[in-house]
Amino acid sequence: MRKFISAIAGSLMMFALSAPLATVAKSAEYFSIGTGGPTGVYFQVGNAICKMVAKIQSAEHGRKKGTGKAYRCSAPSTGGSTYNIGQIMQGELQFGVAQSDWQYHAYNGTKPKKVKPFKGLRAVFSAHPEPFQIIAGKDSGIKNWASLAGKKVNIGNPGSGQRGTFEVLLEAHNKDTGYFGATSELTSSEQSGALCDGKIDAFGYTVGVPNAGVAQSTDGCGAYIIDLKTSPVKRLVANNPFYAFATIPKGTYKTSAKDVTTFGVMASVVTSDAVRDEVVYAVVKAVFENLDDFKKQHPAFANLDPKKMIVDGLSAPLHPGAIKYYKEAGLM
Ligand code: GLU
């Protein structure tokens, strides 16, 4: 008899344990945010968003006893901006972080040449500024754009934003990769190690400031960031709405003895018109209602300003789910 009772108790317990899980599994909606390399800032953006989504969910769960829709968010490391946009277009990712230049080009079909415009691309908000940086090795002798001629340069992996922006920079100077002695396509998490090991003389990286990946070579082996203010760079900034001059302040890294001037873009969060309004609404609500907490997730987010986040660096139309929240919050 006792055996019988404990068997019943056991199965009741099993039911009690499995019931909430089953409920979550039935109503939970999963979505993914494409980021960049694991040592970049995009990875921090994506994971900070997921953290805020989880936070607001557990708060709402407490208030409404779980009647609200459950969202499950993941932010995997990826190849970067253009990879993310391509995966959003194919419906493999629901959101992604992307440079404002590649958001513009994807929506308008302006680059690469003869690419079909992705008219379903939608903007959600912009995050931190991203200067395009050339980081040169301690003994490379590189002082400026001209002295990159003949050097071993990492131009970034295909799919990354810096790879595309580096190609634009070369083209603006009427050059191609033949300008360098050798080029490599290392990812952002490989390039600092290669620079410190002397395998490359410099690498190009569009990334928020400060960044642990850059610090690995500046603070780790004396690499430094060079100024980029040639006439072609000035023309790029003058002729394109998505570029602006950017400063990497003195003292940012161990080798930042003075301010560095370069050009840059904004990091933006994008999605597609195929993603439901409710999902986009839930994401922006989670971020904007917890913005103080969000800003603490990485020093590059310290200056985020909600009024600018819904305008700056956004060239694709805002997603209606985002607009709904921005209106409700009095931001629009
Ligand atoms: N801007 C880079 C890209 O578009 C990523 C930078 C980062 O990971 O923070 O691929």
Side-chain angles (χ1 to χ4, degrees), residues 32-50 75-89 93 95-107 111-112 118 121 123-135 154-169 184-193 203-218 225 228 242-244 246 248 252-253 262-271 294 297-304 312-316:
S32 296
I33 307 170
T35 64
T39 54
V41 183
Y42 284 11
F43 192 65
Q44 305 293 332
V45 174
N47 283 283
I49 294 174
C50 289
S77 157
T78 72
S81 285
T82 53
Y83 174 88
N84 295 339
I85 293 172
Q87 293 291 295
I88 291 171
M89 187 157 74
L93 286 172
F95 295 87
V97 194
Q99 291 179 197
S100 51
D101 50 348
W102 297 109
Q103 180 192 143
Y104 179 97
H105 291 309
Y107 183 72
K111 247 178 219 324
F118 173 20
L121 186 65
V124 183
F125 58 82
S126 60
H128 57 284
E130 295 191 275
F132 177 85
Q133 298 156 62
I134 293 199
I135 293 106
N154 188 57
I155 56 171
N157 61 287
S160 70
Q162 56 269 10
R163 171 57 175 272
T165 306
F166 211 145
E167 286 170 358
V168 168
L169 184 66
S184 52
E185 301 184 308
L186 302 174
T187 63
S188 58
S189 51
E190 296 167 322
Q191 59 200 7
S192 268
F203 64 81
Y205 194 14
T206 328
V207 71
V209 177
N211 165 246
V214 172
Q216 197 191 329
S217 54
T218 53
I225 309 168
L228 282 177
F242 41 78
Y243 291 137
I248 298 136
T252 301
Y253 300 109
T262 179
F263 71 108
V265 293
M266 293 297 292
S268 63
V269 176
V270 294
T271 184
F294 188 92
Q297 304 299 314
H298 192 278
F301 309 154
N303 299 320
L304 292 184
D312 289 0
L314 307 181
S315 35

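Atoms within each ligand, like the ligands themselves, are counted from 1 in listed order. Positions are given from 1, in the same order as the sequence printed here. The analysis underlying the following values was restricted to heavy atoms, covering all of them including side chains, and did not include hydrogens, waters or symmetry mates. The structure presented is a predicted model; accordingly, all values stated were derived computationally and were not measured.
- Among protein heavy atoms, the minimum distance from atom 4 (O) of ligand 1 is reached at Ser81 OG, 2.4 Å.
- In this structure, Tyr104 and Phe242 have tilted ring planes: the angle between them lies in the 30° to 60° band.
- Remark: the backbone N or O of Thr82 is not paired with any side-chain donor or acceptor of Trp102 at under 3.5 angstrom.
- Close approach of ligand 1 to Val41 is summarised as follows: ligand atoms under 4.0 Å from at least one heavy atom of the residue are 7 (C), 8 (O), 9 (O).
- Shown here are the ring pair (Phe, Tyr, Trp, His ring centres under 6.0 Å) partners of Phe263, two or more places apart in sequence or in another chain: Phe132, Tyr243.
- A donor atom on one side chain and an acceptor atom on the other are found under 3.5 Å apart for Thr78 and Asn84.
- Defined by atom type and a distance below 3.5 Å, a donor-acceptor pair is present between the side-chain atoms of Thr165 and Gln99.
- Counting heavy atoms closer than 4.0 Å to ligand 1, residue Glu130 contributes side-chain atoms (C-beta onward) but none from N, CA, C or O.
- Proximity to Ser160 (heavy-atom distance under 4.0 Å) selects the following atoms of ligand 1: 10 (O).
- Nearest protein heavy-atom neighbour of atom 2 (C) of ligand 1: Gln162 OE1, 3.1 Å.
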side-chain contact (heavy atoms from CB on, under 4.5 Å) between Leu228 and Leu169, worked out: CA-CA 10 Å; Leu228 282 177; Leu169 184 66; 4.2 Å; yes

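- The residue from Gly159, Gly46, Gly161 that puts a heavy atom closest to atom 3 (C) of ligand 1 is Gly161.
- Taking every heavy atom of Gln99 and a limit of under 4.0 angstrom, the matching atoms of ligand 1 come to 1 (N), 2 (C), 3 (C), 4 (O).
- In this structure, atom 6 (C) of ligand 1 lies nearest to the protein heavy atom Thr206 O, 3.3 Å.
- Listed by atom number, the atoms of ligand 1 under 4.0 Å from Gly80 heavy atoms are 10 (O).
- Judged as a salt bridge (Lys or Arg N to Asp or Glu O under 4.0 Å), and not counting sequence neighbours, Glu190 has no contacts.
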